[in-house]
Amino acid sequence: MTAKIIDGKAAAAELRQKLAERIAARGDKPYLAVVLVGDDPASLIYDRNKQKAALSMGMGCDIYHLPEQTTQAELLELVGKLNEDEKVNGLMVQMPLPAHIDPSAVIESIRPEKDVDGFGPYNAGLLHENDPRAMVAATPKGILYLLQKELPSLAGKHAVIIGRSKIVGRPLSSLLLNCDCTVTVAHSKTQNLPELTRQADILVAACGRPRMVKKDWVKEGATVIDVGINRIDGKLCGDVDFDEVKERAGLITPVPGGVGPMTVAMLLDNTYSAYLKQIDKLK
Ligand code: GUN
């Protein structure tokens, strides 16, 4: 069996096109503020991609780029100003932050209605309770979109997620549970991991280990979602050994061109939703 490749790039382009048409038709100008501390090269690329995509869709977007040695108090002061600024509809602080800054303190300082990453306790709590008002983190939201596009039903499917991060594993586990999947979250202390992953109808690799998931970890015909973005000898690769695993999976996302583009599209989708809710409140 050779897997069908899930084209996240095409799905994201289609989503962005639809969103751009809605924005243009209404004459809207939603605005996203992206805060970046330090010069992590991957973060710089991600944030420039977000800004380019936002601008191409008729949104406003600035990157507030602060030096590595910025203190937590200085960062919180900027977040406070952006919280107060009515022009700002969506506000995100790029992770990871430098080690001297507590990410939870920063995430918690973002107003829930502007928290387009959905990482804050308010939105994470709503998602946990299956409340439709939740702003859902962009990467899990993009993964769910691809799964619902490709699979006739998710109910009763066994989803195994490798990774328990706040950005992917935890919110995705809630989302899939809310879709009636049976969800197992595996992590660095999980025992007999390949034995577990072989039981998965849907296997999500979000562990940050290049090509960790091998062919014999995967059930024949399973759907494999690769969230990893790693570099080996300058070449991008995921957490799944794509060349091997595509011979056993039924559906698989590539890296690049799978989950990554969906994250950007969903972040902008969240920004537009935040904007609509905010102007509704002003009426
Ligand atoms: N770092 C990796 N992914 C993300 C994301 O979706 N949002 C933020 N803020 N930081 C990230």
Side-chain angles (χ1 to χ4, degrees), residues 8 12 15-16 32-54 61-66 68 70 72 75-76 78-79 82-83 88-99 101-112 114-124 127 134-146 161 163-175 204-209 225-231 236 238-239 253 255-256 258-271 273-274:
L15 266 173
R16 278 165 44 185
L32 171 67
V34 176
V35 179
L36 171 63
V37 185
D39 297 304
D40 176 63
S43 294
L44 266 168
I45 295 171
Y46 298 151
D47 287 347
R48 287 200 188 119
N49 283 343
K50 287 167 196 164
Q51 186 185 38
K52 213 167 95 186
C61 178
D62 288 302
I63 300 174
Y64 296 77
H65 193 174
L66 305 177
E68 178 82 21
T70 300
Q72 182 164 315
L75 177 57
L76 290 175
L78 174 62
V79 170
L82 295 169
N83 275 336
V88 176
N89 306 114
L91 166 55
M92 57 153 292
V93 178
Q94 183 65 35
M95 300 292 147
L97 284 165
I101 298 178
D102 171 15
S104 297
V106 175
I107 288 168
E108 282 171 30
S109 73
I110 298 171
R111 277 216 184 132
K114 297 190 179 189
D115 172 26
V116 285
D117 263 331
F119 295 165
Y122 183 78
N123 284 302
L127 172 64
M135 193 104 71
V136 177
T139 301
K141 191 171 166 179
I143 292 170
L144 182 64
Y145 181 92
L146 293 177
I161 302 166
R164 54 178 156 176
S165 71
K166 220 172 162 141
I167 295 178
V168 185
R170 284 168 201 260
L172 183 62
S173 68
S174 293
L175 265 185
V204 181
C207 46
R209 303 254 171 116
I225 304 290
D226 191 350
V227 188
I229 305 178
N230 312 290
R231 247 170 230 284
L236 269 187
D239 294 347
T253 59
V255 177
V259 173
M262 292 301 295
T263 297
V264 177
M266 289 305 182
L267 178 75
L268 300 177
D269 187 61
N270 280 350
T271 304
S273 301

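Bear in mind that the values here come from a model prediction, so they are computed numbers and not experimental data. When a ligand or atom number is given, it counts from 1 through the structure's own listing order.
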**Q** Using side chain to side chain contact (heavy atoms under 4.5 Å, CB included) as the criterion, point out the one residue from Asp62, Leu268, Asn89 that pairs with Leu32.
**A** Leu268
**Q** Any N/O of Asp117 closer than 3.5 Å to an N/O of ligand 1?
**A**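 Yes, Asp117 has an N/O under 3.5 Å of an N/O on ligand 1.
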**Q** What residue and heavy atom of the protein are closest to atom 1 (N) of ligand 1, and at what distance?
**A**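 I find the closest protein heavy atom is Met95 O, 3.0 Å.
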**Q** For the side chain to side chain contact (heavy atoms under 4.5 Å, CB included) test, which of Thr263, Val227, Leu175, Val204 pairs with Pro140?
**A** Leu175
**Q** Knowing that exactly one of Val93, Leu91, Val79, Leu78 qualifies, which makes a side chain to side chain contact (heavy atoms under 4.5 Å, CB included) with Ser109?
**A**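 When side chain to side chain contact (heavy atoms under 4.5 Å, CB included) is applied between Ser109 and each of Val93, Leu91, Val79, Leu78, only Val79 qualifies.
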**Q** Quick one: does ligand 1 sit under 4.0 Å from the side chain of Met92, the backbone, both or neither, non-hydrogen atoms only?
**A**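 Only the side chain of Met92 comes within reach of ligand 1.
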**Q** For Leu267, which part has a heavy atom under 4.0 Å from ligand 1: side chain, backbone, both, or neither?
**A** neither
**Q** Look at atom 3 (N) of ligand 1 and say which protein heavy atom is nearest, naming residue and atom and giving the distance to 0.1 Å.
**A**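 For atom 3 (N) of ligand 1, the nearest protein heavy atom is Ile167 CG2, 3.8 Å.
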**Q** Between Leu15 and Met266, what is the shortest heavy-atom contact and its length?
**A** CD1-CE, 3.7 Å
**Q** Would a 4.5 Å heavy-atom cut-off, applied to side chains only, mark Val106 and Val35 as touching?
**A**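 The answer is no; the side chains never approach within 4.5 Å.
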**Q** Measuring from non-hydrogen atoms of Phe119 to any atom of ligand 1, is the shortest distance under 4.0 Å?
**A** yes
**Q** Just distances here: any N/O of Gln94 and N/O of ligand 1 closer than 3.5 Å?
**A**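 There is such a contact, yes.
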**Q** Would you mind reporting whether Met95 and Asp117 have side-chain heavy atoms less than 4.5 Å apart?
**A** no
